[in-house]
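Here is the structure we will look at.
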Amino acid sequence: MELAAVSDGHSAQLHAKLIKTAPHFDSFLANYVLRAYSKSPRPHRALRLFLHHHSQPLAPIPDRFTFAPLLSAAARLGCADTGRQLHALLLKSSLFPSSSTQSLNSLIHFYSSCRLLLPALQVFDEMSERDVVSWTSAISAAADADSPRHALRLFDSMVADGIQPNEATAVAALRSCADLGALSTGRRIHRIARVHGFSSKPNVATSLLDMYAKCGRIDLAEEIFRGLPEKDVFAWTAMIFGLAYHERSREALDLFQDMVEMGVQPDDRTITALLCACRSKAWVAEGYRVYNNMHKFGITPRIQHYGCMVDLLARGGHLSEAEGFIRRMPVEPDAVLWRTLIWASMIHGDSERAERLMEKRKLLEMDPVDSGSYVLMGNVFGSLGKWEKKAKVRETMVKRRTGKLPGCSRIEVNGVVHEFEAGDSGHPEAERIYEKWDEIVERLRVEGYSPHVSEVLLDMEDEEKASQLHHHSEKLALAFGLINTSPEEEILIVKNLRSCQDCHSAMKLISRIYGRKIMVRDRIKFHHFSNGCCSCGDFW
DNA sequence: GTAGGGTTAG
């Protein structure tokens, strides 16, 4: 009875009483309380109780059930140092290395929660015995740390090791497939889930729905959605996002109406999905309507909602309105938000505004590790013909060694995901890919295509600019796809940035010349290219 | 009496 109260985490008196009676506390009871605290709204109480025990002469002895709740509390609190100390304590304890699998599983999860992928994988690598939770924790860690290819490699190793995936494994692996656009791998996981009978569990079904939508099969996503007997906010939101991603904005907004009529309470992500639907069609009035109605659902706008609104206004050319919107919003704008407006200013030909915002906002100081700001600044200076300034930005970027990839494209062929960067020559088939692209360029030229050299904001000759454009990552991925897929197959390319003008024009023509259906998923929407046209109607 | 798990502005 009393312990049930502890699990609510609200009973301070009971906590004090438990601490006083510590000498009578055996390990079983102590672990029970630690577990209850770690799951409560105040997980730090678990850590405090453990520390208290540690200083007692008759303290309960830590056993194989003790570390998991502590590490889980440290993970929830994001206490990296506390978790590291627990790690050290665990290694020193008599529990290690025997009967430590569960504790080490929690340790993997702890490192992953603190965004420390390498230590998480190191713990996993050094484990003498791994169960399904160890594998799943490692796969989730990789998936969370933007290493979806690594996550899928781990998934394959797990299956090869004869460990059966469960629901949690499927969810983590499906998220990686969704990230990568790895449709055939996603389908394989769907089959596994069906065989094991958990494909209709709400969390798995939502992951499947999301995976199909992000892998270009919105039809299969809808099929799963329709088949769900109970649709919760996760399922509705994932479906609305999917429709928005595929530019079926009207249906996305209508689906939201259905959701509300069904009595399902939207959350802040549902609103984000709606705003994305409005943005992709440049529906300013609809966007404002969604934004102004948020409070009716008890939802306070957050930076992502402001971000969508600014993008909606700025991309539609309402630059001053977007800037005013940023100045009036009650939260501090971040680098992403300023970049959105600066980028839109540049593409709408207002490079002066772009430069003013950039310099005034000290963009590079806001987020010095994200290469996005450097690339954008370089582009703005390029558009103004300020080559020295552009060179200087580039120099700073190299000096600071910013980690993130500026642009890459991925394509799955025969169940394997291939990744390309601009000008990439690292792929084993690089030579064939470049030859293929030369052939494509020749056919494009016959059809009257000329490269959009004005898009290359570098101080160089047109010929060199054309060569730069030709080696954009999505073109390399496409050339690879054309070589390695059969003519009736639809090609899906996943890009981490927005589409560029030249690639967009080229994709349209290639879809006609080669008679292929090509899908490009960029940062914000799907482009379905077919017979010389794109579903986005050339607005993005 | 164990650990991990669905949608998320660019």
Find the distance [X]:[atom1] to [N]:[atom2] and express it as a whole number of Å.
{"X": "I108(A)", "N": "dA3(B)", "atom1": "CD1", "atom2": "C1'", "answer": "10 Å"}
{"X": "Y245(A)", "N": "dT7(B)", "atom1": "OH", "atom2": "P", "answer": "13 Å"}
{"X": "E167(A)", "N": "dA3(B)", "atom1": "CD", "atom2": "P", "answer": "15 Å"}
{"X": "M377(A)", "N": "dG10(B)", "atom1": "CE", "atom2": "C1'", "answer": "18 Å"}
{"X": "E332(A)", "N": "dA9(B)", "atom1": "CD", "atom2": "P", "answer": "20 Å"}
{"X": "I224(A)", "N": "dT7(B)", "atom1": "CD1", "atom2": "P", "answer": "14 Å"}
{"X": "M158(A)", "N": "dG5(B)", "atom1": "CE", "atom2": "C1'", "answer": "13 Å"}
{"X": "I299(A)", "N": "dA9(B)", "atom1": "CD1", "atom2": "P", "answer": "15 Å"}

- Message: For the CG atom of L71(A) and the OG atom of S103(A), what is their distance to the nearest 0.5 Å?
- Response: 7.5 Å
[X] side chain, from C-beta outward: closest of [options]:
{"X": "D210(A)", "options": "dA3(B), dT7(B), dG10(B)", "value": "dT7(B)"}
{"X": "F28(A)", "options": "dG4(B), dA3(B), dG1(B)", "value": "dG1(B)"}
{"X": "S137(A)", "options": "dG4(B), dG1(B), dG6(B)", "value": "dG4(B)"}
{"X": "Q304(A)", "options": "dG1(B), dG6(B), dA9(B)", "value": "dA9(B)"}
{"X": "C308(A)", "options": "dG5(B), dG10(B), dA9(B)", "value": "dA9(B)"}
{"X": "T206(A)", "options": "dG4(B), dT7(B), dG1(B)", "value": "dT7(B)"}
{"X": "D334(A)", "options": "dA9(B), dG5(B), dG10(B)", "value": "dA9(B)"}

Under-4.0 Å side-chain N/O to phosphate OP1/OP2 contact, [X] with [N]:
{"X": "K214(A)", "N": "dT8(B)", "answer": "yes"}
{"X": "K525(A)", "N": "dA9(B)", "answer": "no"}
{"X": "H109(A)", "N": "dG4(B)", "answer": "yes"}

- Query: Which of these, E421(A), E474(A), E419(A), sits in a salt bridge (Lys or Arg N to Asp or Glu O under 4.0 Å) with K495(A)?
  - Reply: E474(A)
- Task: Return each pair, listed once, that meets ring pair (Phe, Tyr, Trp, His ring centres under 6.0 Å) where at least one residue sits in residues 123-143 of chain A; pairs must be two or more places apart or across chains.
- Result: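 Passing the test, one end in residues 123-143 of chain A: F124(A)-W135(A).
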- Query: Hey, is the main chain of S137(A) close enough, under 3.5 Å, to the side chain of S140(A) for a donor-acceptor pair?
  - Reply: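 Such a contact is absent between S140(A) side chain and S137(A) backbone.
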Over all strands shown, is [X] touching base, sugar-phosphate only, or nothing at heavy-atom distances under 4.0 angstrom?
{"X": "T340(A)", "answer": "nothing"}
{"X": "F241(A)", "answer": "sugar-phosphate"}
{"X": "R175(A)", "answer": "sugar-phosphate"}
{"X": "D144(A)", "answer": "nothing"}
{"X": "L71(A)", "answer": "nothing"}

Kindly say whether, by distance alone, the side chain of [X] makes a donor-acceptor pair under 3.5 Å with the base of [N]?
{"X": "N203(A)", "N": "dG5(B)", "answer": "yes"}
{"X": "N496(A)", "N": "dG10(B)", "answer": "no"}
{"X": "N166(A)", "N": "dG4(B)", "answer": "yes"}

- Which residue, E286(A), R289(A), M309(A), forms the side-chain contact (heavy atoms from CB on, under 4.5 Å) with C278(A)?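 Among E286(A), R289(A), M309(A), the one that satisfies the side-chain contact (heavy atoms from CB on, under 4.5 Å) with C278(A) is E286(A).
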- Message: Taking the ring of Y111(A) and the ring of H87(A), is the distance between their centroids below 6.0 Å?
- Response: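 That pair passes the under 6.0 Å test.
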- Task: Take the angle between the ring planes of F526(A) and H246(A) and call it parallel below 30°, perpendicular above 60°, tilted in between.
- Result: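 Correct class here is parallel.
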- Message: Could you work out, with salt bridge (Lys or Arg N to Asp or Glu O under 4.0 Å) as the rule, every residue matching R353(A), not counting sequence neighbours?
- Response: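 Here the qualifying residues are E323(A), D350(A).
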- Query: Do any of residues 248-279 of chain A sit with a heavy atom less than 4.0 Å from DNA chain B, and if so which?
  - Reply: D267(A), R269(A), T272(A), R279(A)
- Message: Go through it in stages, so that I can follow the logic: the residues are H305(A) and T272(A), the test is side-chain hydrogen bond (donor to acceptor under 3.5 Å, both in side chains), and I'd like the CA-CA distance, side-chain angles, deciding distance and then a yes or no.
- Response: CA-CA 6 Å; H305(A) 305 114; T272(A) 306; 3.1 Å; yes
